[in-house]
*Asks:* 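Structure incoming, see below.
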Amino acid sequence: MQAHKLAALGELSAGLAHEINNPLAVIRQEAELLGELLVPGILERFPDGQDIQDSLREIIRQVDRCKSITHNLLNYARKNDPIIQAVDVNEIVEDMVRLVEKEAKCRNILLTRDYQRDLPLVFTDAPQLRQVMLNLLNNAIQSITGRGEVAVSTRRGGPSNLEVRIRDTGCGIAPEYLERIFDPFFTTKSPGQGTGLGLSISQKIVARLGGTIRVQSALGQGSTFTVTLPINETGSNHA
Amino acid sequence: MPERPRVLIVDDEERFRKTLSRLLSSRGVQVHAVDSGEAALEHVAKQEPDVVLMDVKMPGMGGIKALAEIKRRHPAVEVLVLSGHASVDTAKEIIELGGFDYLLKPYSIDDLMAKIDAACERKQAKYRA
């Protein structure tokens with residue numbers, strides 16, 4: 001029933017995103033044209049010339065904000081069949097950690113790694129797994145105000161699976177929200193900071209790859225997200 | 001690459017055509033705009049552009065069918081699809097039909113110009129080959 005509802009929601013979202021992207025394109029074009037028509041010199045004749053320019057820039061900025069929502073909606077609705085190949089999970093995680101490392105440093109967040117060596121290769125979809133890891137890492141970083149730590153680790157979770165764990169010392173999640181964080185459009189972020197689709201998309205991807213995402217969190221102390229991935233039986237030991 | 005790329009806009013929304021035409025003209029592009037796939041085929045037969053900017057969802061023939069017809073009759077013309085709907089299947093279909101690329105709306109004019117330039121370069125490269 002839940003899966004059926006989510007599929008229907010996905011279709012509705014894609015339809016809406018499509019219909020909204022077309023007028024957004026018109027609005028953006030009009031704002032760009034207006035910006036070009038207001039050639040230097042014209043604005044100086046108006047006492048509020050600078051405000052006009054600021055206002056135009058804001059229109060484009062808000063169109064781009066809507067665009068990130070509609071593009072996320074389309075991403076949510078996308079029915080990508082996984083393309084399975086042998087994947088080194090440590091490598092995928094490290095690639096994504098490197099992507100967010102600069103931002104973490106700028107925000108005084110310490111990023112630590114603890115990867116178990118000699119993990120077996122996992123037969124999974126690499127680009128989709130990268131998307132999940134990036135989303136979880138971004139969430140972990142965004143949950144921290146001021147100094148903090150994000151610890152990323154991998155380990156063999158059992159005979160047939162691997163675990164990737166992302167722990168942060170951020171704001172944590174209130175117990176009453178824990179059950180809802182994977183719901184589409186649910187977000188605790190400030191307006192404009194999140195669409196509420198990241199975790200929902202991540203969970204959908206991981207489920208499609210045969211795994212699970214678990215969360216443990218305490219308000220004010222941080223959260224730990226654990227992604228468990230099955231090791232396909234045809235996977236061989238990675239030297 | 002020609003001095004001024006010749007671009008045909010195919011979109012059923014009048015205001016979209018009008019504003020995009022102005023924005024591209026101010027960047028040195030020779031622009032013509034039509035409102036349907038059928039009109040696009042007629043125009044391309046008379047005056048072959050370098051690049052066609054094709055909407056997908058239009059009354060009548062629709063963008064994908066128009067793309068297929070243009071590539072069948074005028075393989076040298078590059079077709080760049082502009083759409084509000086991203087779908088892997090559609091993107092795959094566009095490439096399989098010989099379309100140049102796909103740009104999801106809304107986009108910046110600078111991004112669109114970069115695609116138009118790249119399409120023109122590919123067209124020129126084919127001539128040189």
Side-chain angles (χ1 to χ4, degrees), chain A residues 7 10-40 56-83 125 127-128 131 195 197 201 204-205 208, chain B residues 7 9-29 31 33 35-37 52-59 62-64 80-95 101-116:
Chain A
E11 269 178 44
L12 178 70
S13 303
L16 268 174
H18 179 213
E19 293 308 324
I20 292 169
N21 278 340
N22 283 309
L24 282 179
V26 175
I27 295 169
R28 204 185 197 289
Q29 276 188 180
E30 297 298 326
E32 289 204 51
L33 179 63
L34 210 47
E36 289 182 11
L37 295 175
L38 293 170
V39 288
L56 268 177
R57 264 197 291 271
E58 191 57 23
I59 290 172
I60 291 181
R61 210 176 68 81
Q62 294 295 335
V63 166
D64 287 345
R65 181 176 160 191
C66 292
K67 170 183 155 177
S68 75
I69 298 170
T70 54
H71 290 196
N72 264 324
L73 281 172
L74 288 166
N75 199 9
Y76 176 77
R78 199 173 281 165
K79 296 176 192 126
N80 279 354
D81 288 330
I83 298 167
D125 183 306
Q128 293 191 27
Q131 191 183 344
T195 56
L197 287 171
I201 291 171
K204 207 167 97 166
I205 290 174
R208 211 158 36 203
Chain B
V7 167
I9 300 170
V10 189
D11 197 292
D12 59 332
E13 190 155 346
E14 190 188 356
R15 185 71 206 188
F16 180 86
R17 294 194 304 272
K18 193 177 167 189
T19 306
L20 185 55
S21 297
R22 280 195 73 166
L23 284 164
L24 293 178
S25 296
S26 73
R27 284 162 174 79
V29 176
V31 190
D35 63 359
S36 67
V52 176
L53 305 180
M54 181 74 77
D55 186 21
V56 172
K57 212 171 142 189
M58 288 181 291
I64 299 294
L80 174 58
V81 175
L82 309 176
S83 171
H85 199 161
S87 127
V88 175
D89 289 342
T90 312
K92 209 174 135 205
E93 195 179 2
I94 288 164
I95 301 302
D101 205 348
Y102 181 93
L103 197 56
L104 185 59
K105 290 179 184 174
Y107 43 75
S108 70
I109 295 304
D110 288 344
D111 286 347
L112 178 59
M113 269 312 296
K115 293 269 185 202
I116 291 171

*Asks:* Could you measure the distance from the CG atom of Asn22(A) to the CG atom of Asp11(B)? Nearest 0.5 Å is fine.
*Replies:* 7.5 Å
*Asks:* Go through the steps for Leu37(A) and Arg22(B) under the test side chain to side chain contact (heavy atoms under 4.5 Å, CB included), then give the verdict.
*Replies:* CA-CA 10 Å; Leu37(A) 295 175; Arg22(B) 280 195 73 166; 3.2 Å; yes
*Asks:* Side chain from CB out, backbone as N, CA, C, O: work out which of these in Ser26(B) comes under 4.5 Å of a heavy atom of chain A, or both, or neither.
*Replies:* side chain
*Asks:* Would you find a donor on one side and an acceptor on the other, under 3.5 Å apart, between the side chain of Glu32(A) and the backbone of Ile109(B)?
*Replies:* yes
*Asks:* After noting the C-alpha distance and the side-chain angles of Val26(A) and Thr19(B), does the key distance pass the side chain to side chain contact (heavy atoms under 4.5 Å, CB included) rule?
*Replies:* CA-CA 8 Å; Val26(A) 175; Thr19(B) 306; over 6 Å; no
*Asks:* Heavy-atom pairs under 4.5 Å with chain B - which of Ile27(A), Leu33(A), Asp64(A) has more of them than the others?
*Replies:*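 Highest number of pairs under 4.5 Å: Leu33(A).
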*Asks:* Heavy atoms, side chains only, cut-off 4.5 Å: are Lys105(B) and Leu24(A) in contact?
*Replies:*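 No. Closest side-chain heavy atoms not under 4.5 Å.
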*Asks:* Listed by residue number, which members of residues 52-59 of chain B have a heavy atom under 4.5 Å from any heavy atom of chain A?
*Replies:*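 Those residues of residues 52-59 of chain B which have a heavy atom under 4.5 Å from chain A are Lys57(B).
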*Asks:* To check you understand the geometry: which heavy-atom pair defines the closest contact between Tyr107(B) and Arg28(A), and what is its length?
*Replies:*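 Taking Tyr107(B) first and Arg28(A) second, the nearest heavy atoms are O-CD, 3.3 Å.
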*Asks:* Of all the heavy-atom pairs spanning His18(A) and Ser83(B), show the shortest one and how long it is.
*Replies:* NE2-OG, 4.3 Å
*Asks:* Going by the side-chain contact (heavy atoms from CB on, under 4.5 Å) test, name the single residue among Ile20(A), Val63(A), Ile60(A) that passes it with Pro106(B).
*Replies:* Val63(A)
*Asks:* Please find the pair of heavy atoms, one from Leu23(B) and one from Gln29(A), that lie closest to each other, and give the distance.
*Replies:*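 The answer is CD1-O, 3.7 Å.
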*Asks:* Is there a side chain to side chain contact (heavy atoms under 4.5 Å, CB included) between Arg15(B) and Glu30(A)? Walk through the geometry before answering.
*Replies:* CA-CA 9 Å; Arg15(B) 185 71 206 188; Glu30(A) 297 298 326; 2.8 Å; yes
